[in-house]
Amino acid sequence: MHKQIASRLLNWYEDAARRLPWRGVSDPYAVWVSEVMLQQTRVETVIPFYERWMRRFPTVQSLAEASEQDVLLAWEGMGYYNRARSLHKAARQVMRDYGGKLPASREALIKLPGIGEYSAGAIASIAFGLDETAVDGNVRRVYARLFDVDTPIKSPEGLERVEQIAREQLPAGLAGDYNQALMDLGAMICLPREPRCEICPLKELCLARQNGTQAERPVKSAKPEIPHWTVTAAVIWKDGKVLLARRPLNGLLGGMWEFPGGKLEAGESLKDCLKREIVEELDAPIEVGEAFGVYKHAYTHFKVTLHAFACRFVSEEPDVDGAEFVVWAAPEELQNYPMGKIDRDIARRIVSERSAAR
DNA sequence: CACGCGTGGAA
DNA sequence: TTTCCAAGCGT
């Protein structure tokens, strides 16, 4: 029988499909939001964010009309914040160019910011019923095992090999369910570690299982060692408020607010590091006071240990009025500013110490 | 095209 | 505690 993989997989999916909040929803915007949130992020993490997001921004128009700060605030905690800014930007494009309705073609979808090859195929097939492949990490792993692909999965050849398999296996008219079935299989059965081959609906068709190479598929390349930085941050007080600085839009935590500071240099003391960084960033000298906690955090490409200190400006202060990227915030206002994990931890400590002092 | 970009959960 | 991620995208 032709396309045995598709027929078996779809048969399995009828009963085994996960019930997820964005499944069975006919609104393409909902599918779009879910797909962007799911980029590099676990389903269990996404679910509560998705529910909150759809209440807060139920339509493309409501998202397009929101401020970037509110959008980032709603995204805070999920990471990869450029996704939120791209989604926001794309919503405004969809209002302007398509009357508020997502375009129903892979070619048009992929032109929108934040929608790449995978997401374009996923939205096209799931939301619009088009015959498009959607190859993500799950699908690559499943096909690498089914066809015992021995090429490194992230090499150009490995990627193209799987793309070709995906096109060959796609069942016409059923791409949406088939793509989701592949991802569910990858998430529940064909796991990265210890795949559950005994209960796999495709076990008789799996070449890696026949060859005993499941554990070696997909072939991954070695990862570089990640550096560990020591950094400092200043909680600068004035009249019961603290100073927040907004990070540049490009790069790590783009557009998010933080307590300013920076990397410790060789042979430098923590306090000297902080004084130097604040002069560099804000052009004003500070005095560094009491320590305000040590915070550890692991990003994807490096780890940090951050030392925070309570500080004051010595004499002249930076001209905050009119500056777009710095603000004095009262403790109860800190929740209104989107921050990454570490800075949110510092902000929470400020709020809790403030309330404890009363 | 290789690399930068977050976070929290599991083993 | 450390390691390894998890439904990719933009440059």
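In what follows, every heavy atom counts, from backbone to side chain, and hydrogens, waters and symmetry copies are set aside. A, B, ... follow the sequence lines: proteins, then strands. Residue 1 opens every chain.
Contacts of A:Leu20 with the nucleic acid, taken as non-hydrogen atoms under 4.0 Å apart, include base atoms. Contacts of A:Trp22 with the nucleic acid, taken as non-hydrogen atoms under 4.0 Å apart, include base atoms. Counting any heavy atom pair closer than 4.0 Å across all strands shown, A:Gly340 reaches sugar-phosphate atoms only and no base atom. Within the 4.0 angstrom heavy-atom criterion, only backbone atoms of the sugar-phosphate kind lie near A:Ser119; the bases stay farther away.
Looking at the side chain of A:Tyr118, the nearest of the listed nucleotides C:dC9, C:dC5, C:dG10 is C:dC9.
For A:Thr133, there are no side chain to side chain donor-acceptor pair (under 3.5 Å) partners at least two apart in sequence or on another chain. A:His301 is linked by a side chain to side chain donor-acceptor pair (under 3.5 Å) to nothing, counting only residues two or more places apart in sequence or in another chain. Legend: residues meeting side-chain contact (heavy atoms from CB on, under 4.5 Å) with A:Lys220, ordered by chain and number and at least two apart, are absent. Scanning for side-chain contact (heavy atoms from CB on, under 4.5 Å) contacts around A:Ala187 gives A:Arg18, with sequence neighbours left out.
Taking the centre of each ring, A:His307 and A:Phe309 stay at or above the 6.0 Å mark.
Nucleotides B:dG6 and C:dT11 place their P atoms 14 Å apart, quoted to the nearest Å.
Residue pairs meeting the ring pair (Phe, Tyr, Trp, His ring centres under 6.0 Å) criterion with at least one member in residues 44-63 of chain A, sequence neighbours excluded, are A:Trp22-A:Tyr50, A:Trp53-A:Phe57, A:Trp53-A:Trp75. Judged as a ring pair (Phe, Tyr, Trp, His ring centres under 6.0 Å), not a single pair has a partner in residues 125-168 of chain A (not counting sequence neighbours).
A heavy atom lying under 4.0 Å from DNA chain B marks none of the residues of residues 146-157 of chain A. Residues of residues 77-93 of chain A having a heavy atom closer than 4.0 Å to DNA chain B, listed by number: A:Gly77, A:Met78, A:Gly79, A:Tyr80, A:Tyr81. The stretch residues 38-62 of chain A touches DNA chain B through A:Gln40, A:Thr41, A:Arg42, each having a heavy atom within less than 4.0 Å of the strand.
Summarising the geometry, the separation between CG on A:Asn250 and C1' on C:dT11 is reported as 10 Å, rounded to the nearest angstrom. One interatomic measurement links the two molecules: CH2 of A:Trp32 to P of C:dG8, which rounds to 19 Å at whole-angstrom precision. Counting to the nearest Å, the P atom of C:dA6 and the CD atom of A:Glu35 are 17 Å from each other.
Salt-bridge formation is not detected for the pair A:Glu287/A:Lys275: no Lys NZ or Arg NE/NH1/NH2 atom is positioned less than 4.0 Å from an Asp or Glu carboxylate oxygen. Look at A:Glu204 and A:Arg8 and you find a salt bridge, because one of the NZ, NE, NH1 or NH2 atoms lies within 4.0 Å of a carboxylate O, short of that distance. In this structure, A:Arg217 does not pair ionically with A:Asp150, as no charged nitrogen and carboxylate oxygen lie closer than 4.0 Å. Electrostatic pairing of A:Glu107 and A:Lys111 does not count as a salt bridge here, judged by no charged N lying under 4.0 Å from a carboxylate O. A salt bridge does not link A:Arg161 with A:Glu157: every distance from a Lys NZ or Arg NE/NH1/NH2 to an Asp or Glu carboxylate oxygen is 4.0 Å or more. In summary, A:Glu198 and A:Lys203 do not engage in a salt bridge, as defined by a charged side-chain N under 4.0 Å from a carboxylate O.
Remark: A:Lys263 is positioned above the aromatic ring of A:Trp229, its terminal NZ or CZ atom under 6.0 angstrom from the ring centre and at most 45 degrees off the axis.
Although no hydrogens or angles enter the test, the distance criterion places no donor-acceptor pair under 3.5 Å between the side chain of A:Thr213 and the main chain of A:Glu216.
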For nucleotides 1-3 of chain C, which of its nitrogen or oxygen atoms have a protein nitrogen or oxygen under 3.5 Å away, and what is each distance?
none

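Clustering ILVMFWY residues whenever any of their side-chain heavy atoms sit less than 4.5 angstrom apart, transitively, puts A:Phe259 in the very cluster that holds A:Val304.
Taking CE of A:Met37 as the reference point, atom CD of A:Gln39 lies at 11.0 Å (rounded to 0.5 Å). Once rounded to the nearest 0.5 Å, the distance linking CD1 of A:Ile47 with CZ of A:Arg52 reads 12.0 Å.
Between chain A and DNA chain B, the heavy-atom contact criterion of under 4.0 Å yields a 5' to 3' nucleotide range of B:dG4 to B:dG9.
Aromatic ring pairs are classed by plane angle as parallel below 30°, tilted from 30° to 60° and perpendicular above 60°; the pair A:Trp32 and A:Tyr29 is perpendicular.
Helical stems in DNA chain B, defined as runs of 3 or more consecutive Watson-Crick or G-U wobble pairs with both donor-acceptor distances under 3.5 Å, are listed by first residue as B:2-5 with C:8-11, B:7-11 with C:2-6.
Where A:Leu112 and A:Lys223 meet DNA chain C, the nucleotide closest to each residue was compared, and A:Lys223 sits on the side nearer the 5' end.
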